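Just so it is clear, the structure is predicted and the values come from calculations on it, not from any experiment.
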Amino acid sequence: MRYPMQASLILLTITLCLLDLVASDDGFCSAPSVISSSSYSKHLYWKVTSPTLSPSHLQDLPGFTRSVYKRDHALITPESQVFSPLPEWVNTLAAYLITPAIGSHFVMYLAKMQENSQSGLPAHDVERFVFVVQGSVTLTNVSSASHKLEVDSYAYLPPNFEHIIKCDASATLVVFERRHASLENHFTELIVGSTDQRPLLDTPGEIFELRKLLPTSTPYDFNVHIMDFQPGEYLNVKEVHYNQHGLLLLEGQGIYRLGDSWYPVQSGDAIWMAPFVPQWYAALGKTRSRYLLYKDVNRNPL
């Protein structure tokens with residue numbers, strides 16, 4: 001069967017582009033950054049906002065995306081993220097990565113705050129978690145107490161907690177929100193911290209490094225984990241459990257198994273995992289892998 005000329009040209013373009021992106025010092029799918037080091041300050045998680053394989057690198061591949069949506073999982077890659085004005089926020093664009101429309105009980109989005117921007121409040125009874133991946137913001141509560149949040153800093157805002165997040169220049173946040181599953185006589189509190197302040201926890205049978213950013217006590221119905229893998233390290237347990245996950249790869253690259261599919265992933269990729277989907281990760285490349293992981297906890301699934 002003879003391919004039409006247009007299809008042949010597309011196949012040739014894809015082949016040439018993939019050859020152009022083969023392994024460099026950063027590993028698979030590497031390409032020269034479209035942003036020079038002189039014009040871009042490489043903060044800790046700079047590849048989240050400027051991934052190795054960025055949308056600009058794929059502009060000559062019409063219709064191509066690494067994103068996948070299935071019944072029990074989704075991979076949302078940077079070239080598929082759609083940003084639009086964030087309701088109730090000022091001068092802020094957001095890309096919703098996970099919402100209940102996908103089957104989750106929480107939302108996860110990237111918020112790109114611009115000059116003189118500020119946040120809105122979540123809906124009634126909704127709790128919020130923010131993590132800074134680029135820039136810095138100022139968090140102020142109703143009593144006028146303020147906290148400066150820089151890259152790798154985070155804040156947990158209890159449901160119905162009045163607050164405002166302001167940005168004078170630019171910043172990128174990853175935000176998780178969910179309707180709080182409250183328990184009688186149990187109350188959550190404002191938490192502000194940074195990853196490096198959190199202790200490493202034991203991971204019996206595993207070799208990755210684990211930090212939990214929120215208390216493990218009963219009032220909190222979710223936690224956010226920071227998980228670090230050195231190149232070649234992988235999860236020992238092939239997990240299948242009732243918890244849901246929302247994940248953002250902050251650093252590095254690797255292979256993620258979801259169900260019966262195996263996905264190459266890199267910094268800037270987001271993943272949704274439904275309950276009971278088989279899941280497993282292995283780190284590749286020459287640098288550390290680090291990801292941010294939402295997990296629901298402390299509630300009976302009934």
Side-chain angles (χ1 to χ4, degrees), residues 67-77 96-109 126-129 131 154 156 174-183 186 188 195 198-230 233-250 252-265 269-284 289-302:
S67 292
V68 174
Y69 168 65
K70 295 189 177 182
R71 177 188 61 82
D72 55 7
H73 68 269
L75 169 65
I76 304 96
T77 57
Y96 280 95
L97 306 174
I98 301 172
T99 75
I102 209 172
S104 69
H105 59 233
F106 65 96
V107 299
M108 172 183 175
Y109 57 91
V126 169
E127 54 195 336
R128 170 182 283 170
F129 179 93
F131 184 93
Y154 62 89
Y156 167 81
V174 56
V175 184
F176 295 98
E177 294 175 349
R178 64 166 288 175
R179 195 165 300 279
H180 183 57
S182 60
L183 296 175
H186 289 84
T188 61
T195 300
R198 304 302 300 155
L200 287 173
L201 303 176
D202 290 336
T203 55
E206 299 284 2
I207 56 176
F208 64 86
E209 293 184 342
L210 171 66
R211 293 174 173 85
K212 296 185 179 182
L213 303 187
L214 296 182
T216 58
S217 53
T218 301
Y220 297 88
D221 56 3
F222 74 89
N223 213 312
V224 177
H225 297 179
I226 294 287
M227 300 174 66
D228 291 341
F229 298 79
Q230 296 304 317
E233 294 182 348
Y234 55 86
L235 287 169
N236 181 48
V237 177
K238 284 64 70 177
E239 297 184 352
V240 177
H241 50 56
Y242 78 90
N243 314 84
Q244 295 191 31
H245 288 320
L247 179 152
L248 180 67
L249 195 60
L250 297 171
Q253 56 193 24
I255 298 292
Y256 225 108
R257 176 186 175 176
L258 298 168
D260 293 328
S261 300
W262 303 71
Y263 301 104
V265 293
D269 290 352
I271 296 174
W272 169 65
M273 291 170 257
F276 298 105
V277 61
Q279 55 198 255
W280 178 87
Y281 180 69
L284 301 177
S289 283
R290 166 173 283 188
Y291 58 70
L292 181 78
L293 183 79
Y294 165 96
K295 180 180 182 179
D296 52 302
V297 296
N298 292 331
R299 296 296 183 270
N300 190 317
L302 290 176

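- When ring centroids are compared, Phe176 and Phe131 stay outside the 6.0 Å threshold.
- For the side-chain hydrogen bond (donor to acceptor under 3.5 Å, both in side chains) test, residues two or more places apart in sequence or in another chain that qualify with Glu177 are Tyr109, Arg128.
- A heavy-atom distance below 4.5 Å is not found between the side chains of Val297 and Thr216.
- For His180, the side-chain hydrogen bond (donor to acceptor under 3.5 Å, both in side chains) test picks out Glu127, Asp221, with sequence neighbours left out.
- Among pairs with a residue in residues 199-213, those fulfilling salt bridge (charged side-chain N to carboxylate O under 4.0 Å, His left out) read Arg211-Asp228, at least two apart in sequence or across chains.
- Not counting sequence neighbours, the partners of His241 by the ring-ring contact (aromatic ring centres under 6.0 Å, His included) test are His245.
- Counting heavy atoms from C-beta outward, Arg290 and Thr195 have side chains that approach closer than 4.5 Å.
- With ring centers used as reference points, Phe106 lies under 6.0 Å from Tyr294.
- Side chain of Asp296 to backbone of Asn243: no donor-acceptor contact under 3.5 angstrom is found.
- Evaluation of the side chain to side chain contact (heavy atoms under 4.5 Å, CB included) rule for Asp72 yields Lys70, Ala274, Val277 as partners, not counting sequence neighbours.
- Put simply, the side chain of Asn298 never gets that close to the backbone of Pro219: no donor and acceptor are under 3.5 Å apart.
- In terms of the side chain to side chain contact (heavy atoms under 4.5 Å, CB included) criterion, residue partners of Trp262 (sequence neighbours excluded) are, by chain and number, Ile255, Arg257, Trp280.
- Every side-chain hydrogen bond (donor to acceptor under 3.5 Å, both in side chains) that Thr188 has, sequence neighbours left out, goes to Tyr156.
- Between Tyr263 and Tyr256, the gap from one ring centroid to the other reaches at least 6.0 Å.
- Qualifying ring-ring contact (aromatic ring centres under 6.0 Å, His included) partners for Phe129, counting only residues two or more places apart in sequence or in other chains: Tyr154.
- With hydrogens and angles disregarded, a donor-acceptor distance shorter than 3.5 Å links the side chain of Ser67 to the backbone of Thr77.
- Annotation: side chain to side chain contact (heavy atoms under 4.5 Å, CB included) contacts of Leu183 (sequence neighbours excluded): His186, Thr218, Arg299.
- The side chain to side chain contact (heavy atoms under 4.5 Å, CB included) test applied to Pro100 returns Ser104, Val107, not counting sequence neighbours.
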Go through it in stages, so that I can follow the logic: the residues are Tyr281 and Phe208, the test is ring pair (Phe, Tyr, Trp, His ring centres under 6.0 Å), and I'd like the CA-CA distance, side-chain angles, deciding distance and then a yes or no.
CA-CA 11 Å; Tyr281 180 69; Phe208 64 86; 9.9 Å; no
